[in-house]
Amino acid sequence: MVCFPFKAENAQVFLKNIKEALAHPRVGEVLGVGYEKNNCFEEIEAKLSGVERKGKKIHLMVQKRWGKKRPGKGDGMNTALDYFVNHTSFDRIHFYDADIVTFSRQWIEKGEKRLEEDYQVVRFFFPKVSTDGMITWNITRCGLAYNWPHTILPLIEQPLGGELILKREMAERLIKDPWVMNYSDWGIDTAYALAFAKYQAPLYEAYIQEGKLHKLYGRLSDLYTMLVECFVVIKESSAMPINTESTLYKKDTVEKIPSSIQEKTAFDVKETIPLLTVNWTEEEMELLNFFPSKIKEGMRSCRNNLDLHFMGPQAWYEVYEVLLEKFDQNKKAWRDLLFRLWIARVLNHTFYYASKGYEYTMKSLEDMVGYFVQRRLKEG
Ligand code: GDX
Ligand code: MG
């Protein structure tokens with residue numbers, strides 16, 4: 001079974017993806033789990049007859065309320081797991097975002113092949129623009145490295161990726177795990193990744209060279225909610241014991257990155273700068289006192305003078321440490337400050353690394369995660 005969680009997507013793109021999934025001989029059913037019965041839902045429903053295929057089922061449903069966090073993509077994915085386990089007898093469930101323009105049945109083929117081996121979970125990864133994936137790198141991968149440096153978690157390429165396949169047994173475990181089902185928001189992808197590691201599920205990461213082209217962001221403020229929710233799941237799970245010493249884990253080796261990807265910038269830099277420099281509150285200023293003086297001074301002075309050299313990968317470690325200890329998601333000033341600190345890191349990366357070529361930039365990100373791992377192992 002193939003599931004597309006969706007909220008409000010371009011119907012043509014989504015319908016093409018449904019058609020593509022149905023065309024794979026192994027796929028018996030496509031499930032679309034919508035956020036609500038909105039215009040997109042109705043448009044898809046009305047046009048389904050145009051993509052139907054004999055002998056295969058298409059099922060559209062609205063997500064149910066499973067978690068206690070903001071109702072979001074997590075409720076959508078958990079609704080799909082419940083439907084898959086309790087209302088079908090398929091042995092694998094695939095998840096793909098509905099807005100992917102480059103989706104093809106070869107992705108299904110590639111993942112299915114690995115599940116014939118001993119793997120229980122397949123995650124997909126893609127070549128990325130060097131200024132993209134800034135939540136993945138700076139929040140999730142750094143957080144996984146900080147909390148679980150001795151496991152496979154810091155090695156996972158795209159732990160937030162919405163493209164993955166699970167065997168039935170894994171889906172059954174997830175829906176019986178109240179900790180996982182509680183993440184109804186953007187925290188869900190991290191929650192699944194942590195749960196798989198906790199279950200020691202054999203994992204394969206499959207590389208898709210064509211890349212995942214999808215709806216783009218404008219200003220980084222579009223990512224505010226995702227940033228906060230992705231950090232919160234890391235913070236809340238800090239004490240979770242995970243041991244992957246004997247877990248089977250492999251990933252594809254990456255061939256050459258297409259040059260079209262090497263040259264892009266993922267967001268609008270000019271529009272982003274004010275998010276860091278204007279509208280500071282007294283409360284945010286106060287919270288800066290928790291941070292080492294270099295960070296505190298750097299953040300304070302960047303309102304007038306945009307010098308972000310202080311927020312390199314190693315300084316980010318010091319920031320992360322304080323955030324894990326002090327961050328309070330119920331306080332707006334903390335959420336706003338987290339966002340600004342992250343913007344400072346993203347712009348440091350964009351100004352001082354991304355300008356020096358693709359390979360150099362990507363290596364600086366890998367090195368940052370490696371630094372988190374090494375430092376934690378040393379101090380641990
Ligand atoms: N049912 C449901 N409910 N679907 C949703 C909801 C929701 O509340 N919100 C978003 N979706 C769908 C959306 O329509 C799309 O198909 C998919 O979820 C991903 O959302 P999108 O807005 O395209 O997110 P984005 O920024 O492309 O994020 C994806 O990549 C992130 C990452 O790799 O960094 C998405 O897979 C995230 O889960 C992932 O964290
Ligand atoms: Mg998208």
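Start at 1 and go down the list; that is how both ligands and their atoms are numbered.
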Please compare [options] and report which has the shortest non-hydrogen distance to [atom].
{"atom": "atom 10 (C) of ligand 1", "options": "Y96, F6, W186", "value": "W186"}
{"atom": "atom 36 (O) of ligand 1", "options": "I135, D97, T190", "value": "D97"}
{"atom": "atom 30 (O) of ligand 1", "options": "E36, H214, K212", "value": "K212"}

The Mg ion (ligand 2) has as its nearest N, O or S atom from H214 the atom ND1
For D99, the N, O or S atom at the shortest distance from the Mg ion (ligand 2) is OD2
[X] contact mode with ligand 1 (heavy-atom cut-off under 4.0 Å):
{"X": "L160", "answer": "both"}
{"X": "K7", "answer": "both"}
{"X": "F4", "answer": "neither"}
{"X": "M226", "answer": "side chain"}
{"X": "T136", "answer": "side chain"}

Between side-chain atoms of residues 77-85 and protein atoms elsewhere (two or more places apart, or another chain), which donor-acceptor pairs fall under 3.5 Å?
residue	atom	partner	partner atom	Å
N78	OD1	Y192	OH	2.8
N78	ND2	G74	O	3.3
N78	ND2	M181	O	3.4
T79	OG1	K64	N	2.9
T79	OG1	W66	NE1	3.2
T79	OG1	D75	O	2.6
D82	OD1	N86	ND2	2.7
Y83	OH	E29	OE2	2.7
Y83	OH	K57	NZ	3.4

How about [atom1] on [X], more than 12 heavy atoms from neighbouring residues, nucleotides or ligands closer than 6.0 Å, or not?
{"X": "K250", "atom1": "NZ", "value": "no"}
{"X": "E318", "atom1": "CD", "value": "yes"}
{"X": "N289", "atom1": "CG", "value": "yes"}

Would you compute the distance between atom OH of Y146 and atom CZ of R375 and round it to the nearest 0.5 angstrom?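 One finds 8.5 Å between OH of Y146 and CZ of R375.
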How many angstroms lie between OH in Y35 and NZ in K7, if you round to the nearest 0.5 Å?
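Rounded to the nearest 0.5 Å, the OH-NZ separation comes to 5.0 Å.
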Using a plain distance cutoff, I'd like to know if [X] has any nitrogen or oxygen under 3.5 Å from a nitrogen or oxygen of ligand 1.
{"X": "V33", "result": "yes"}
{"X": "P5", "result": "yes"}
{"X": "K128", "result": "no"}
{"X": "A8", "result": "no"}
{"X": "Q63", "result": "yes"}

query: Just checking, is any N or O donor in the side chain of N138 or Y320 under 3.5 Å from an acceptor N or O on the other one?
result: no
Do you see a donor-acceptor pair shorter than 3.5 Å between the side chains of Q329 and E236?
yes
**Request:** May I ask whether Q158 places a heavy atom under 4.0 Å from ligand 1?
**Result:** no
ring-ring contact (aromatic ring centres under 6.0 Å, His included) evaluation trace for F14 with F41 | CA-CA 11 Å; F14 186 12; F41 193 104; 9.5 Å; no
